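Keep in mind that this is a model prediction, so the values were computed, not measured.
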Amino acid sequence: MALLTDLLNLNLTDSTEKIIAEYIWIGGSGMDLRSKARTLPGPVTDPSKLPKWNYDGSSTGQAPGEDSEVILYPQAIFKDPFRRGNNILVMCDCYTPAGEPIPTNKRNAAAKIFSNPAVAKEEPWYGIEQEYTLLQKDINWPLGWPVGGFPGPQGPYYCSIGADKSFGRDIVDSHYKACLFAGINISGINGEVMPGQWEFQVGPSVGISAGDQVWVARYILERITEIAGVVVTFDPKPIPGDWNGAGAHTNYSTESMRKDGGFAVIVAAVEKLKLRHKEHIAAYGEGNERRLTGKHETADIHTFSWGVANRGASIRVGRETEQNGKGYFEDRRPASNMDPYVVTAMIADTTILWKP
C-alpha cells in the first residue's frame, strides 16, 4: 500500500512535460457529474487551446445508442488537487457533432445571457452557499447518526465542535483546501443545523464563472467523499420531519446595486422577482417543495416574501445593505440540488433584461 501511495503521489514534472487533463461534464440526470482523463503534450492555461473530446452519450442518458457521440467543449480550467503538478481539471459543456447544445447543456443558454451587453455592463456578482449532507455509505443514513436511530434534536450542531456534535470535519477541511488549490474562489465553510450537514460558499464570482466554480467544487467534494468511503447527497430534504433541509442560497448584486442609491435598485429587482416567482421556483431544484415549507428558516414555496434580515423570507436583504443604502441581496429559494448555471442566469435575466 505504501508503494501504491508513492505512485499516486508521483510528481510528473520531474520526468515529463506531459500533463493529465480530467475532462468533467454533467450527465443526463442534471446532477450526475462524469469525468475521464487524457494525456496532453504540455501545460495548458487557456481552455480554447484544449482539444474537444467526445463520449458515449447513450451511457449517460444523453443520446440514443445508434447515434451516441456527444462532443465535449472545454470551458474552464482548474488546477487538479488530486494529481497536482501541472495537471488540470477541465469543466466542459456538451454538444451534438453538428455543434448544437444538447438539451441537458444549461451552460450554453446561461453564457448567452451573461454575454448580453446589458448584463455584462452590470457585472453581476454571485455568492452561492452550497449545503450538502454526508451519509454513511452502506445505509444512506447521515454521518454520525446512530444506525436506525436519531441524534438529539437540532440546536447543538450548527457551527459546532466536538466528537458528539460535529461529523465529517476531515472531509470538509480537505475539500476547503482542495478548492483553494484548484483556484476556486471558495470563501468559507461551516457546520449546518442538522448534524452531518455542512455548507461551503463560493464567491464572489462574476457571471458564468459562478456556475463553473460551483460545479467543479461539487466534483472535488464527490471525489473526496469517494476516497473517504462516504456518500454526499445534495437532496434538499434528506431526512423528513423536524430537521433542516439543504439549500443553495444565492447572494447577488449588480454594479448599480453596489453604487450609492443601490438600495432602490435592489427593491426594484426584488419586485421583478416577485412577479416571476413561479417560474423561478420551477427552475430552482427538484424536490424543493419538501424543503420550502415555511419552517426551518424557509418561506413557504407558494408565497413570495422579502424582508431585511429575515431568514424566513424568500429574499433576505442584509441589515448592512439597508444601512449603507447599497449592496446585495440573498435569494433563499434555490435548493441544494439546483443547477448554478440555471439559477444565476435566471436571476440576471429577471433583474436586468426582463421587462414586465
Indicate whether the side chain of [X] and that of [Y] have a donor and an acceptor atom separated by less than 3.5 Å.
X: Ser187; Y: Gln201; answer: no
X: Asp212; Y: Tyr341; answer: yes
X: Asn251; Y: Glu129; answer: yes
X: Asp93; Y: Gln75; answer: yes
X: Ser35; Y: Tyr219; answer: yes
X: Asn9; Y: Arg84; answer: yes
X: Thr233; Y: Asp235; answer: no
X: Ser314; Y: Arg333; answer: no
X: Glu122; Y: Ser256; answer: yes
X: Asp242; Y: His296; answer: yes
X: Asn190; Y: Glu192; answer: yes

- Relative to each other, are the rings of Tyr252 and Phe329 parallel, tilted or perpendicular (30° and 60° limits)? perpendicular
- When the ring planes of Phe200 and Tyr132 are compared, do they come out parallel, tilted or perpendicular, using 30° and 60° as the limits? tilted
- Task: Please step through side chain to side chain contact (heavy atoms under 4.5 Å, CB included) for the pair Ile71 and Thr96, ending with a clear verdict.
- Result: CA-CA 6 Å; Ile71 313 301; Thr96 68; over 6 Å; no
[X] atom [atom1], neighbour heavy-atom count above 12 within 6.0 Å:
X: Lys121; atom1: NZ; result: no
X: Leu7; atom1: CG; result: yes
X: Tyr158; atom1: OH; result: no
X: Glu279; atom1: CD; result: yes

Any non-hydrogen side-chain atom of [X] less than 4.5 Å from a side-chain atom of [Y]?
X: Gln62; Y: Trp25; value: yes
X: Glu131; Y: Trp198; value: no
X: Met338; Y: Asn288; value: no
X: Leu40; Y: Leu50; value: yes
X: Leu135; Y: Trp141; value: no

- If you group Ile, Leu, Val, Met, Phe, Trp and Tyr whenever their side-chain heavy atoms sit less than 4.5 Å apart, what else falls in with Val206? Trp125
- Just one of Pro142, Ser160, Pro151 clears the side chain to side chain contact (heavy atoms under 4.5 Å, CB included) bar with Pro195, so which one? Pro151
- Item | Option passing side chain to side chain contact (heavy atoms under 4.5 Å, CB included) with Phe304 (candidates His277, Glu271, Lys278, Arg276) | His277
- Task: List the steps, then state whether side chain to side chain contact (heavy atoms under 4.5 Å, CB included) holds for Thr298 with Arg332.
- Result: CA-CA 7 Å; Thr298 70; Arg332 296 180 60 81; over 6 Å; no
- Task: Could you tell me if the ring centre of Trp145 sits under 6.0 Å from that of Trp243?
- Result: yes
- Residue pair Val230, Lys137: steps toward the side chain to side chain contact (heavy atoms under 4.5 Å, CB included) verdict: CA-CA 5 Å; Val230 169; Lys137 180 169 172 257; over 6 Å; no
- Message: Minimum heavy-atom separation for Pro74 and Tyr23, please, with both atom names.
- Response: CG-CE2, 3.9 Å
